[in-house]
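Quick note: numbers below take in every heavy atom, side chains included, and nothing from hydrogens, waters or symmetry partners. Along the sequence shown, residues are numbered consecutively beginning with 1.
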Amino acid sequence: MRQNIPFELSKDRSFFESLGDWMGDVLYDELPEKGFECRDEQIFMAYQIEKALKEKTVLFAEAGVGTGKTIAYLLPAIAYARYTGRPALIACADETLIDQLVKKGGDIEKIQQALDLKIDVRLAKSRDQYLCLKRFQAAENVVNEDWIDDIAFSMPEAVFTHGPMSEMYLYGDRSDYPTVSDEAWQQVNYNELMQCAVCDERNRCGQTLHRQHYREASDIIICSQDFLMEHLATKESREREGQTALLPEVSMMVLDEGHLLEYAAQKAMTYKVQAKTIVGMLERLMVDGVRERTLLAMEKLQDDHELFFDELRDCVTPGSERMHIEKSRALVAHAKTIIADVDDLMEQFVFESEMYMIPEYELNMAEEFLEHYLRAMQIFANKEDAVDWAEETNGALTLVIMPRLITEVLQETLFSKKLPIIFSSATLSVGKDFSYIAYSLGIRNYLSFSVASPFDYDSVMKINVHAVAQADKTALVDHILAQREQTLILFKSKQAMASFRSELPMMAKLTMAFEGDRELSSLVRDFQAGEVKTLCSYHLWEGLDLPADMLTRVIIYDLPFPPHDPLFDAKRAFAEDAFEEVELPFMQLRLQQGMGRLIRTSDDHGTIELLLNADEMQQLETLTPLFAVEPTIK
């Protein structure tokens, strides 16, 4: 339901003039009276956003840690959403940070209480954050553990009895099952290989119910950048098939940690082909009455698809999540054979469409799937400007193909729409020059500003740099933790965290929480409440916001250089100086974000413990400009 604008409008003043007056009253008077800090940097940012709304343009808003960026963009976003009648969209860096924005005691709750303002904010999570009924039913038949029963008991009875929709309620969100591990969740959640449009359970699916719920938001929808990019990548095809787009039309966008948008866009434009998917899809079409010529074409495609994946298994190099593919002549030849098979089958489908033996909806979905499949194989076989690798998805080998250049797609689907888009981050520019990020995203016209952090770091923060052998890092962490404080340990990768965990003494493990053991936002809540003293994570370099004594120590276990996988190897290959253009900027940006978790308000204090092995110590000179205070070398 549309809500009232939080200030009076008059005929002699425009909406934007009235918005400016209201924000001034709120930021200079109302919020400070309620205990909020009056920050010049925050006020400046809010008025720059107002200017971007008025001009319907892109704004790069670079503001240091402690500026109060969230409140600076929430105030104009809420007012503009109510003025236009369409919600504002806030896109976070990744799924793990969505719940952080709406957590108890967060900025949204604070604004609601301070301004006596009811804010209608709803979460739009990526599809893999929701339960898939089909996969859940399959898992129930083979899993004999408590977690599968816990999920079943939480679901509306009407899901099982096919009772009236009035008895349904929102269910199936990943955060509804905090005790379920990530590994277990991946057995029952949606994945991109599911065909929701032809699923007979889709009207009772928790994902469908959540989609309907957030579409009705009047003020704010919060999603991840990955999901926003998936929406843009699929919007045209979904509308062509008579489906609604993943997200509704919005009045404006805020891209929180907007420097990561390029990675999200690349992921959304990615093609995935799995060994078993096409076999199941084609079997659904092999109904009575289908022409023999079509059946033979489908069987040939199935056979050649299996031959391709048999060869692919021999061509991958195991050892990482993204496995390198050494393209053999046989593998490329199989791909080209598949291209011919798909072309032939699509011709046969033209004849089948006139005979009406295959249900029209099933046939349309098959054609859509095959077009995607064909494009993936064409890119793979013809060595177009893309990166490819193999990965294991729920125990099945998957071919992944990602385009390198996404500027034209972003320009067409996003930046040409005269939509206000706010990039918000502490790190968007290189020396206050925004041309690099603008060029990489295909943005031609934009506003920009940069303001520093308002904190006096020297009085509240210490940085200790430990020169330590890699083999001794775990023991050093155990020694540091002997002084019990609320501690966040950041790792460069899931593998690095697993290695650290395997080396810990058993008693030390009992006092720690590890990302992946449970749903992440539930781990953060326990850490915030002090029920967990040490939280280990490889995702929380960004977005975690715990004030005062809730977090007083951050241990950075290793420098967060990018992984050696096909995606980053491709970036290295295309750079003139891979270290200077890829390795170093990525590491510096992530390190800066990680250290920024410690001091979030003027009441915060604490210590950064940076662990560097011999190779990492060689980078100390490149790290020094990132330190907010002079470090102590130990």
If you count every heavy atom of other residues, nucleotides or ligands that lies below 6.0 Å from [X] atom [atom1], does the total exceed 12?
X: Lys494; atom1: NZ; result: no
X: Asn144; atom1: CG; result: no
X: Phe351; atom1: CZ; result: no
X: Glu371; atom1: CD; result: yes

*So, Glu262 side chain and Leu441 main chain: donor-acceptor pair closer than 3.5 Å or not?*
no
*Any donor and acceptor pair, going by atom type alone, linking the side chain of Trp185 with main-chain N or O of Tyr177 inside 3.5 Å?*
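Such a contact is absent between Trp185 side chain and Tyr177 backbone.
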*Just do the side-chain contact (heavy atoms from CB on, under 4.5 Å) check on Val342 and Leu301 with the steps written out, would you?*
CA-CA 7 Å; Val342 175; Leu301 177 55; 4.0 Å; yes
Any side-chain heavy atom of [X] within less than 4.5 Å of one from [Y]?
X: Ile278; Y: Val273; value: no
X: Ile421; Y: Met252; value: no
X: Val121; Y: Asp219; value: no
X: Glu326; Y: Thr317; value: no
X: Ser175; Y: Leu520; value: no

*Begin from the C-alpha positions of Lys235 and Glu239 and carry the test salt bridge (Lys or Arg N to Asp or Glu O under 4.0 Å) through to its verdict.*
CA-CA 6 Å; Lys235 185 175 186 290; Glu239 291 176 345; 3.1 Å; yes
For [X] and [Y], test the side chains for any donor-to-acceptor distance below 3.5 angstrom and give the result as yes or no.
X: Trp389; Y: Glu391; value: yes
X: Gln593; Y: Glu257; value: yes
X: Ser181; Y: Asp517; value: no
X: Asn189; Y: Arg174; value: no

Name each donor-acceptor pair under 3.5 Å that joins a side chain in residues 412-420 to protein atoms two or more places apart or in another chain, with its distance.
residue : atom : partner : partner atom : Å
Thr413  : OG1  : Val409  : O            : 2.8
Ser416  : OG   : Gln411  : O            : 2.9
Ser416  : OG   : Glu412  : O            : 3.2

*Just one of Asp226, Asp173, Asp176 clears the salt bridge (Lys or Arg N to Asp or Glu O under 4.0 Å) bar with Lys125, so which one?*
Asp173
*If a pair satisfies ring pair (Phe, Tyr, Trp, His ring centres under 6.0 Å) and one of its residues is in residues 233-284, list it, with sequence neighbours excluded.*
Tyr271-His372
*Within residues 208-248 or reaching into it, pairs that qualify as ring pair (Phe, Tyr, Trp, His ring centres under 6.0 Å) - sequence neighbours excluded*: Tyr130-His210
*Distance from Leu282 atom CG to Thr294 atom OG1, nearest 0.5 Å?*
11.5 Å
*Any idea which heavy atoms bring Cys223 and Ala124 closest together, and the distance?*
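Scanning both residues, the minimum pair turns out to be CB-O, 3.0 Å.
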*Can you name the closest pair of heavy atoms from Met323 and Pro318 and give their distance?*
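Scanning both residues completely, I find the closest heavy atoms to be SD-CA, 3.8 Å.
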N-O pairing of [X] and [Y] below 4.0 Å:
X: Arg572; Y: Glu583; answer: yes
X: Arg293; Y: Asp344; answer: yes
X: Asp120; Y: Arg122; answer: yes

*Which is it for Arg291 and Glu352 under the salt bridge (Lys or Arg N to Asp or Glu O under 4.0 Å) test, yes or no, and what are the steps along the way?*
CA-CA 8 Å; Arg291 296 161 56 248; Glu352 294 298 336; 3.6 Å; yes
Scan the side chains in residues 302-312 for donor-acceptor partners under 3.5 Å anywhere in the protein, sequence neighbours excluded, and list what turns up.
residue : atom : partner : partner atom : Å
Gln302  : NE2  : Val279  : O            : 3.2
Asp304  : OD2  : Lys300  : NZ           : 2.8
His305  : ND1  : Tyr373  : OH           : 2.8
His305  : NE2  : Gln274  : O            : 3.3
His305  : NE2  : Ala275  : O            : 2.7
Asp310  : OD1  : Arg313  : NH1          : 3.3
Glu311  : OE2  : Ser328  : OG           : 2.9

*Report the residues that fulfil side chain to side chain donor-acceptor pair (under 3.5 Å) with His324, sequence neighbours left out, ordered by chain and then residue number.*
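Result, side chain to side chain donor-acceptor pair (under 3.5 Å) vs His324: Asp569.
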*Name all residues meeting the side chain to side chain donor-acceptor pair (under 3.5 Å) criterion together with Asp150; count only those two or more places apart in sequence or in a different chain, and write none if there are none.*
none
*asked:* For a salt bridge (Lys or Arg N to Asp or Glu O under 4.0 Å) check, start with the C-alpha distance between Arg518 and Asp526, then their side-chain angles and the critical distance, and finish with the verdict.
replied: CA-CA 11 Å; Arg518 290 191 283 132; Asp526 288 349; 2.7 Å; yes
*Within 45 degrees of the axis of the six-membered ring of Phe380 and under 6.0 Å from its centre: does Lys327 put its NZ or CZ there?*
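Lys327 over Phe380 ring: yes.
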*asked:* If you take the centroid of each ring, where Trp contributes its six-membered ring, are Phe500 and Phe491 closer together than 6.0 Å?
replied: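 Centroid distance Phe491-Phe500: below 6.0 Å, so yes.
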